[in-house]
Amino acid sequence: MIEKLIEGFDTTRFQIDLIEWYNKYKRDLPWRKDQDPYKIWVSEIMLQQTQVDTVIPYFQRFIEQFPTPKALAEADEQDVLKAWEGLGYYSRARNLHTAVKDVVIRYNGRVPNDGKQLLTLKGIGPYTRGAIMSIAFNEPYPAVDGNVMRVFSRVLKIEDDIAQAKTRRLFEKVVGKIISKENPSAFNQGIMDLGATICTPKSPQCLLCPVQSHCRAYAEGIEQWLPVKSKAKKKKRISYISLLIQDEHGQIMIEKRPNEGLLANLWQFPMIPIKEVCLKHLPKYVYEKYGIHIRLENKQGELRHVFTHLIWDIEIFQAKTTDKVENDRLKQVSQEALADYPFPVPHQKMMQYI
DNA sequence: AAAACGGGGAA
DNA sequence: TTCCCAGTTTT
């Protein structure tokens with residue numbers, strides 16, 4: 001059934017047209033300066049669900065700070081999270097940290113040139129395995145992401161719903177057939193660049209496309225209707241009150257989030273679901289949860305933060321205390337010391353209200 | 001198969 | 001507002 005999709009498709013000519021275009025127009029990106037599999041790996045993890053322009057400065061700082069798997073393996077998790085701060089999907093950073101420790105122990109610090117072994121490492125799934133194998137080791141593995149599915153859904157007029165998990169497997173089979181066996185690195189990166197610069201989600205630049213003559217969607221004028229993707233469900237909304245609690249020296253209370261789930265092990269200002277308590281009972285609630293007495297002061301502002309699957313609506317209040325706490329997950333720190341802890345973006349925004 | 005998991009930029 | 005982005009893990 002894959003054969004049916006590729007019937008009449010000039011694979012060899014497609015490979016040539018794509019790779020020639022890539023060699024001429026490839027983007028100058030910091031992780032393309034050499035073929036160090038560690039750097040390819042870090043870049044691929046950062047690039048998951050994250051755009052190139054966002055990743056570039058993070059990548060450069062990260063490689064400077066952790067130049068080798070060994071350097072990263074020996075780092076504290078909090079320092080790794082701090083380097084990741086603001087990039088999102090923090091489990092990527094924790095999984096990468098776990099995985100490089102594995103690489104140091106099991107493979108003597110060398111990223112394995114082996115598809116099966118790569119897949120056993122935390123945070124490396126089918127896409128990242130394919131990207132590392134093809135880009136760093138020039139092995140013909142498909143690396144199918146949203147970009148690749150968009151390009152090939154148009155070129156081959158594939159109308160399966162790309163929101164379905166099994167559709168990715170279909171595209172992996174297709175790319176496995178079409179990928180250049182001589183230069184899989186340029187082929188895969190060529191598709192990525194094509195998807196990023198020409199074959200974009202809206203208003204693709206078909207007139208500039210190096211594989212226009214191969215594209216079935218273009219031939220039929222239906223490129224804007226592909227790929228097919230079903231709608232996501234509605235986001236859940238949660239309201240919170242967040243407290244900027246200062247003691248008589250101006251020290252501010254922060255808490256560490258649980259070690260699993262949303263924003264695991266990042267720090268935040270105490271945050272109370274509004275559903276669980278009304279304003280009047282807030283000090284009592286805070287005493288029961290955090291063990292300190294507070295005097296509630298003025299509301300400082302509010303903010304909204306939108307995640308993939310939910311929305312936080314946060315009201316920000318100032319508060320005062322004279323009590324002291326100090327443990328693993330609860331601290332009172334100076335305003336300057338806040339910079340030493342990894343905070344999610346909504347709580348970074350809160351700092352301006354102090 | 002579906003849900004959880006961040007954040008920013010573009011239309 | 002809505003959608004998209006070089007996805008993986010957990011349930």
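Just so it is clear: chains get the letters A, B, ... in the order the sequence lines come, proteins before strands, and each one is counted from 1.
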Do the side chains of [Y] and [X] get nearer than 4.5 Å, heavy atoms only?
| X | Y | answer |
| --- | --- | --- |
| A/Arg154 | A/Cys199 | yes |
| A/Ile314 | A/Met350 | yes |
| A/Trp21 | A/Lys26 | no |
| A/Leu18 | A/His214 | no |

Please determine whether the number of non-hydrogen atoms from other residues, nucleotides or ligands lying under 6.0 Å from atom NZ of A/Lys24 exceeds 12.
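It does not: A/Lys24 NZ has 12 such atoms or fewer within range.
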Kindly check if the number of other-residue, nucleotide or ligand heavy atoms within 6.0 Å of CD (A/Glu248) is above 12?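 Yes, the 6.0 Å shell around CD holds more than 12 heavy atoms from other groups.
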**Rounded distance in Å between the C1' positions of B/dG8 and C/dT9** =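 23 Å, rounded to whole Å.
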Using the C1' atoms only, state how far C/dA6 lies from B/dA3, rounded to an integer number of Å.
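Those two atoms are separated by 22 Å.
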Original post:
Which pairs, with at least one residue in residues 192-202 of chain A and sequence neighbours excluded, count as a salt bridge (Lys or Arg N to Asp or Glu O under 4.0 Å)?
Top reply: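 Counting only pairs at least two positions apart or across chains, the salt bridge (Lys or Arg N to Asp or Glu O under 4.0 Å) contacts touching residues 192-202 of chain A are A/Arg27-A/Asp193, A/Arg32-A/Asp193.
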Query raised in the report: Which pairs, with at least one residue in residues 1-13 of chain A and sequence neighbours excluded, count as a salt bridge (Lys or Arg N to Asp or Glu O under 4.0 Å)?
Result: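 For residues 1-13 of chain A: A/Glu3-A/Lys177, A/Arg13-A/Asp17.
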* Take the angle between the ring planes of A/Phe307 and A/His305 and call it parallel below 30°, perpendicular above 60°, tilted in between. =>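 If you compare the ring of A/Phe307 with that of A/His305, the planes turn out perpendicular.
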Requested in this report: Measure up the A/Tyr287 and A/His293 rings against each other and bin them: parallel (under 30°), tilted (30 to 60°), perpendicular (over 60°).
Outcome: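 Rings of A/Tyr287 and A/His293: parallel, under 30°.
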Please tell me which of A/Thr308 and A/Gln51 maps to the more 5' nucleotide of DNA chain B, matching each residue to the nucleotide holding its nearest heavy atom.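 Closer to the 5' end of DNA chain B: A/Thr308.
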Check: Of A/Val306 and A/Lys236, whose closest DNA chain B nucleotide lies nearer the 5' terminus?
Finding: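 It is A/Lys236 whose nearest nucleotide is closer to the 5' end.
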Review point. With sequence neighbours left out, what residues match A/Lys284 under side-chain contact (heavy atoms from CB on, under 4.5 Å)?
Key: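 Listed in chain order: A/Glu288.
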Does anything in [range] reach DNA chain B, meaning a heavy atom under 4.0 Å, and if so which residues?
| range | value |
| --- | --- |
| residues 344-354 of chain A | A/Pro344, A/Val345, A/Pro346 |
| residues 169-204 of chain A | A/Arg169 |
| residues 252-268 of chain A | A/Gly261, A/Leu262, A/Leu263 |

Going by atom types alone, do [X] and [Y] pair a side-chain donor with an acceptor below 3.5 Å?
| X | Y | result |
| --- | --- | --- |
| A/Asp161 | A/Ser230 | yes |
| A/Arg92 | A/Gln48 | no |
| A/Gln78 | A/Tyr341 | no |

Item checked: Nucleotides bounding contact with chain A, strand DNA chain B, heavy-atom threshold 4.0 Å ->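 Boundary nucleotides touching chain A, in 5' to 3' order, are B/dA1 to B/dG9.
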Scan [range] against DNA chain C and write down, sorted by residue number, each residue with any heavy atom closer than 4.0 Å; if none is found, say none.
| range | answer |
| --- | --- |
| residues 86-95 of chain A | A/Tyr89, A/Asn95 |
| residues 119-126 of chain A | A/Leu121, A/Lys122, A/Gly123, A/Ile124, A/Gly125, A/Pro126 |
| residues 59-79 of chain A | none |
| residues 18-29 of chain A | A/Arg27, A/Leu29 |

Salt bridge check: are A/Lys324 and A/Glu326 linked by an N-O gap of less than 4.0 Å?
->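 Looking at A/Glu326 together with A/Lys324, the answer is no, because their closest N to O distance does not fall below 4.0 Å.
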Quick one: hydrophobic cluster around A/Tyr218, which other residues, with the 4.5 Å side-chain cut-off, linked directly or via members?
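Listed partners: A/Leu207.
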